[in-house]
Amino acid sequence: MKLQFREPGINPAVLSGWEDAPPRKGFFTDTSICIGCKACEVACKEWNHVPEDGLEWLGTSYDNTGSLGASTWRHVAFIEQPIAKPASENGIASNGSANPDFRWLMSSDVCKHCTEAGCLDVCPTGALFRTEFGTVVVQDDICNGCGYCVPACPFGVIDRRDGSDSAKNVGIAQKCTLCYDRIGAGMTPACAQACPTESIQFGDLDELRVRAQERIELLHQQGNKSARLYGEDPNDGIGGAGAIFLLLDEPEVYGLPPNPVVTTRDLPEMWKRAGAAALALIVGLAAASLKR
Amino acid sequence: MAECHPVGFQWVMEAKKRGAKIIHIDPRFTRTSAVADQHVPIRAGSDIAFLGGIINYILESEKYFKEYVVNYTNAATIIRNEFKDTDDLDGLFSGYDPVTSQYDTESWGYRGITEVAAAGPKNQGTKVSAESAQAGQGAAQRSRQGSAIHEHELHRDETLKDPNTVFQILKRHYARYTPEMVERVCGVPQKEFLEVCRAVTENSGRDKTTAWVYSVGWTHHSVGVQYIRGAAIIQLLLGNMGRPGGGILALRGHASIQGSTDIPTLFDILPGYLPMPSVDLPKGLRGYIDSMVTTEQKGFWSNTEGYMVSLLKAYWGEKATSENDFCFDYLPKISGDHGTYQTVLDMMDDKVEGYMIMGENPAVGSSNGKLQRMAMAHLKWLVVRDFQLIESATFWKDGPEIATGELKTDEIGTEVFFFPAANHVEKDGSFTQTQRMLQWHHKAIDPPGDCQSELHFFFNLGKKIKSILADSTLERDKPIQDLTWDYPTLDSGEPDAEAVLKEINGTYLTGEKAGQPLDSYTDMKPNGSTSGGCWIYTGVYADNINHAAKRKSGSDQSWVAPDWGWVWPANRRILYNRASADPQGKPWSEKKAYVWWDSKAKKWTGHDVPDFELTKAPTYKAPKGSRGPEALSGNDPFIMQSDGKGWLFVPAGLKDGPLPAHYEPQESPVSNAVYPQQANPTRQVYKRDDNLSNPSGHDKGSEVFPYVFTTYRLTEHHTAGGMSRFLPYLSELQPEFFCEVSPELAEERGLRPNGWATIITARTAIEARVLITERIKPLKVGGKVIHQIGLPYHWGVGGEALVSGDSANDLLGLTLDPNVHIQEAKASSCDIQPGRRPVGTALLKLVEQYRQRAGITVNTSNQLLSPKKGES
Amino acid sequence: MELQKTFISWPVIKQLTSSDHLARGRSSQSKRSATLIPRTNTADKIVQSVCPYCAVGCGQTVYVKDNKVTQIEGDKNSPISRGRLCPKGSATEQLVNSPNRQIKVLYRKPFGTEWEPIDLEQATEMVAQRIVETRARTWQDKDEQGRVLNRTMGIAGLGGATLDNEENYLIKKLLMSIGAVQIENQARI
Amino acid sequence: MPKTNKSGREVPMVPKANFTSYYGNPIVKAAPWGKDIPAYLFLGGLAGASSLLALGAEVTGNNILRRNCKFTAVGAIGASYLALIHDLGKPSRFVNMLRVAKPTSPMSVGTWIITFYGPAAGFSAASELRHLVNSKRISSLLKLINKPAMIGAATLAPALSSYTAVLLGNTATPAWHSGFKEMPFVFVGSSALAAGGMGMLTSPVSQSAIARRFAVAGVATELFAIKKMEESMGLVSETLNSGTAGQLLKASKILSISGLIGTLLIAPKSRLGSIASGAALVLSSICTRFGIFEAGQASSRDPKYTVMPQKSSNS
């Protein structure tokens, strides 16, 4: 029995016992065409019966959602920012000569469905598991709410739901399932289906990668040098994401970590260290016992 | 558009992907601006100057589409010598009567035509419903029922050189709308303005078309109709009407607001834009018809009598006979403006006893909210039908006036009935969407509890009224007794909606086809042998098929998708599409081919249903003395117009001028830089102390209200919130009322981010959270910095919604466009101060202090004619 | 037997006996997850509809199970919307099934301080009475010049833009017959 | 210019966070854990090291110490169970922990450790009470399993004392993850000083020499490891010195150093001194665990601890 923690380039579903896995599914969120309508947020909640997440006005542009969480599986970020380059260089949000130094970025964030998923790795119950589609799903009939997945996620996506006991799935870790039930029946996830501008695209991840590549090349050709892909590199710290993004600025501007690494990468080293420390404890005791 | 019609906006994004340039002209930087190629911040209320500037650019640089302009518009038509333009009359057109504040439009007419397109009785011609202007079936069109205008009678100069041609008048009129003037009035730098001009003109012509898209940002002005007219002139000059990718698209905000204009719940029209009978018309049906249609009427309005008689037959069935004028006098007569705002003022004056509100929330959604609520407290009875207990249903309990002490619950005598309504999945029926498409929605489940559709409720109500009056012998009760009201019902007791649709479509009453649905409005007869509830909808039920329910997948048919839903008229997707071909009937270009003359088959064909008589050759010349469609020549694409041409200049039918001229809003922080006349001299004002105005322009006291505010909607909410503020998923996305201000204004007034601000007008003061954003830019207007404040208007004060807050509409007063009686809601003046507003009587005191400081009386800003220089 | 089955389906055992040694995938799948199907698949009835919010006219597909709407989403066949919906359209199911939706008729007496329950039939009857009475009180046969008016200025209406064409038709028809002209809707606003 | 903190002491100037955050919102999420988890970190460590110390006492013939250590271990592990179950969002589903065995999940590994350790420690402790049992059969059974249970518990004990460091380290919580190399040593040191301290607290001076030496070794290890850990944490080490975490860790240091001094100078002579020193050490361990826990939570709340290290690893 070989305990392979990772094997880059391979469909993680295959590594997780789905020898006959269908092509890996994923999202490509092209923020350059996002209009910030939040249809994704609502469609997701409606389909998945995710409860309301607070009626608080945040004063952060048009974002009153704040961040992803147990009761927010899609989150549209709004960033009002000055830009330092001439409008013509920005093929996306160039907004005329009166306002050449300003743009309004919008981006719909979602679970990344990492190839190497910290949340899944640390889950002690198997509630979080890799589906045949290569996605990462919490099974709410299994999860016991240990909460370990929450700090394990390098993106701060998953969270344990608070609230009154009568509410749905309180005490259980919750996040995007990439509409496991829908895609199992050949349907499109609710958010991607609702998205008016195809900013959120769903499909076979390989195909989405190609599309993302083409799109970024086009934007670069049009002079939008700040455009970049996020999560598409299989050699990055999470082995590439199942939900990839086209961003127009640094990831942290959108509240995304710039170079996340799944914690499990360091786990073998951690176990070694823990072993050494355990040994040290034994040695310490032996020394204490011997030294008479 | 991305903000309020995100799903429609997918097509704009699609076009952008293919290289289209998107320009967004708006005071605010919105979600649309975020993805536009160019955002042009403009001073609210200055669009006519901007549009006029573009017209001037087109004419000066000769960028107009000459062949289109000469053949398809009235550019070559010669106007009467008596016509005097705004240049000559300090901003007025000829014919202004300072006593009545109205125009006599006679001098605007075509030379040689005695009663130039005098659209019905002069005081009636333009009582066009508010947003019919939006429908593209606008003011001008409906009043198009003018006398026949034949080419041989018209004076035309196709060289466009005659100084009295429309073309030359246009040129003179817009000569002063230079880029410098645009900058001075709109606050748009010339460079930026010229960028727009270039983009629009370069993207028009044989191979390309430009589309203009607008919403209530254009209609909510005291010169709203003229805003649309401005765009119409541009589109006609550039040849963008009746062609794919062109047009002026009105984006409307309610599922069937188009339908409620076509089959109107509006005071001034009957179904199909037939005018409501007015008291000052000659007597009877004949008088009504003759006032609109002459014996030699040209175009499709010539059969107005057929449409009207069919409607009367639909209403009163067999009781309507040629002997009794088809019960024409059963119809009530109007005698002026009975629009919703006039009605509310009448409520204040205790002239109205009962009010029925169906799916609207005037306490929040209508202008001068306080007036709305106070007026409801004057009623004897009020019926509210909605899904939720909206603020209009609970004003007597938790409205803002209870808090200020202006109303006391136990002193309000209004009897209130709240009826829960069924929603769209609980009933069959059709919506007409913004492009005139009827789409059927099928009933999925029964409504819960007491919920009922309006169809069911009004059917029952009608039966009850009929039964109460069944034995009456009074003359006035006969229209009720004789009304046909026997619809087949479903198990639930509600009427079969398809049966109603069939009645709307119309049927043959006699002959071998008796009982069969009509195929087309051309089948309608003035002799009582047909019935039909709305002539423009005829065909929706042709062949006994509910065409509104057609659902052939978009991917299984052509890009025009004719087999999805049904578009009036005649399932035609683009109106006046004859104009998509050149005068000879050939497409202007292959790329823009849409409808063309097939010379072999000798008929019009194409991707859409041709908006032209199918076999009328492009070369056809209307014979002398012909009438109706026959009188339209082969190159008259605008078949509802009395001369078959697109109107650059409107010789009749509008109340405030044949050409758009820039006037300042009722409340403006600047004086009119274009003309000495400050505001629309025919605007509708109300000199009442419950509807005061801020001082405007350079009037004393105007400095008390130095800022411009504009109201609008957000993606996350729906109008006055009845369908959004009660839903958790929408409420959480925009939970509180906020104002959008620039960092500069925040600095000037000491507003703190995420704090509170109080916004004050002569009507009231409201509070909002402060969102400081660079999306709002201060503008330089005539050397002065103008700050604008953005206010989304979705919130209201009440106890039932999940989220509530002050209503932006409370700030607005009532000043109306004279053509359509729509309020000016998009540009008014105000003051803003940091902190929350006072409560209780202190609030009233604050407003009173402001009024005193600004010296406001009922006459403030309500002098329609601006004083001449030196008079003041 | 049952115990044995339980034991074999114990993920630890599955984990040791399958290629999913780390228990990160198939062996951790619960029975419920393995048999999950979308609720759209179990609908009794699928109905075509149109979004009730703005006037774009997006197509909606309504799924019904046991006479309850279980899902409303975009209709992919619509050439207008291609299956897409905005946030409002996406919230339509909540509009329909809203737990705080008012489903009973309420009545407020003149000078009353609270709502009172009332029977639907009775309330409709009362409204009919009010209309007839007000109409009689405010009826105008002719104006001061003797011209025909045939109307009441005592009854007004507001609404229609959110209603069906058929409904607007009946409202207009009925109110024309009673002579109420002040019938308006959002199109004026 | 050197910056001074509230107490007026000079602190090293931290490079200014040069990045744009999303409205200052955190990127990673703080663990949704309450006080149960740091309490468990302490209790688990105490239990493990106590089981080990019990073995040492057995070998060195300190029977009272052995018995007390066993009781400490079983009490601590019992309280651990309660804490762990209490902290679950769905306590009724505790048993789902045994659905799978995942080496990628320290919590899963830990669950299996305590699943076996707990009964071992229990039986081991129970055998100390065998003379109170009337039934001869049970009494002899307890005697029989005493040694295997004690050895079994002692075998799992080092793992129990050290794995919790992996539990914290194997997260995206900046302060926990960045200290993963040294934290196991901090934790075993803390466990040892706590167990030793508890031994001193509960057992006569004459019996607890081994406990004192164990504690001294623990203090030395912990102090050294924590210093090393701070160094390797870089920017994130700020969180160890500020806020609640800073106060707790400062208290921990004072307690452990004073406990150390007491252990060396007073405890061998005075029962009271032994009790005081032992208590200081136990408290020190509690403060360490709560301090490190809090440092992690604080590091999650400020996006700079997530972004800055990642950006520097980028370039």
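Chain naming here is simple, since letters A, B, ... match the order of the sequence lines and numbering starts at 1 in each.
Using a 4.5 Å cut-off on side-chain heavy atoms (C-beta onward), Lys380(B) and Glu133(C) make no contact. Two residues are said to be in side-chain contact when any heavy atoms from C-beta on lie closer than 4.5 Å; Met153(C) and His338(B) meet this criterion.
Interface remark: Tyr330(B) contributes backbone atoms only to the contact with chain C (heavy atom separation under 4.5 Å). Looking at Asn185(C), both its backbone and its side chain come within 4.5 Å of chain B, counting heavy atoms on both sides. Proximity to chain C is limited to the side chain of Glu426(B), based on heavy atoms less than 4.5 angstrom apart. With a 4.5 angstrom heavy-atom cutoff, Leu331(B) touches chain C via backbone and side-chain atoms both. Both the backbone and the side chain of Glu454(B) have a heavy atom closer than 4.5 Å to some heavy atom of chain C. For chain C, the nearby part of Lys351(B) is the backbone; its heavy atoms alone come within less than 4.5 Å. For Ile480(B), the parts sitting under 4.5 Å from any heavy atom of chain C are the backbone and the side chain alike. Using a 4.5 Å cut-off between heavy atoms, Trp559(B) makes no contact with chain C at all.
Comparing Arg137(C), Gln145(C), Lys68(C) by how many heavy-atom pairs each has under 4.5 Å with chain B, the most go to Arg137(C). For the set Val64(C), Ile178(C), Ile80(C), Asp119(C), the entry with the most heavy-atom pairs within less than 4.5 Å of chain B is Ile80(C). Per-residue counts of heavy-atom pairs under 4.5 Å with chain B were compared for Tyr107(C), Tyr63(C), Phe111(C); the largest is that of Phe111(C). Top candidate by heavy-atom pairs under 4.5 Å with chain B, chosen from Val69(C), Ile46(C), Leu174(C), is Leu174(C).
Side-chain atoms of Asn165(C) and Thr432(B) form a donor-acceptor pair, as typed in the model, at a separation below 3.5 Å. Looking only at atom types and distance, the side chain of Arg151(C) has a donor-acceptor partner in the side chain of Ser335(B) under 3.5 Å away. Side-chain contact of Lys76(C) with Ser555(B): a donor-acceptor pair under 3.5 Å is absent, judged by distance alone. Residues Trp485(B) and Ser177(C) have side chains that never bring a donor and an acceptor to within less than 3.5 angstrom of each other. Using modelled atom types and a 3.5 Å distance limit, the side chains of Glu166(C) and Ser430(B) yield a donor-acceptor pair.
Although no hydrogens or angles enter the test, the distance criterion places no donor-acceptor pair under 3.5 Å between the side chain of Gln182(C) and the main chain of Phe267(B).
With Asn168(C) as reference, Thr265(B) is the one residue of Thr265(B), Thr261(B), Asp262(B) to meet the side chain to side chain donor-acceptor pair (under 3.5 Å) rule.
Here the shortest heavy-atom pairing between Leu266(B) and Lys172(C) reads O-NZ, 2.6 Å.
A search for side-chain contact (heavy atoms from CB on, under 4.5 Å) contacts involving Lys283(B) returns nothing, not counting sequence neighbours.
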Criterion side chain to side chain donor-acceptor pair (under 3.5 Å) on Glu184(C) and Thr340(B), from CA distance to verdict | CA-CA 6 Å; Glu184(C) 290 273 286; Thr340(B) 182; 5.4 Å; no
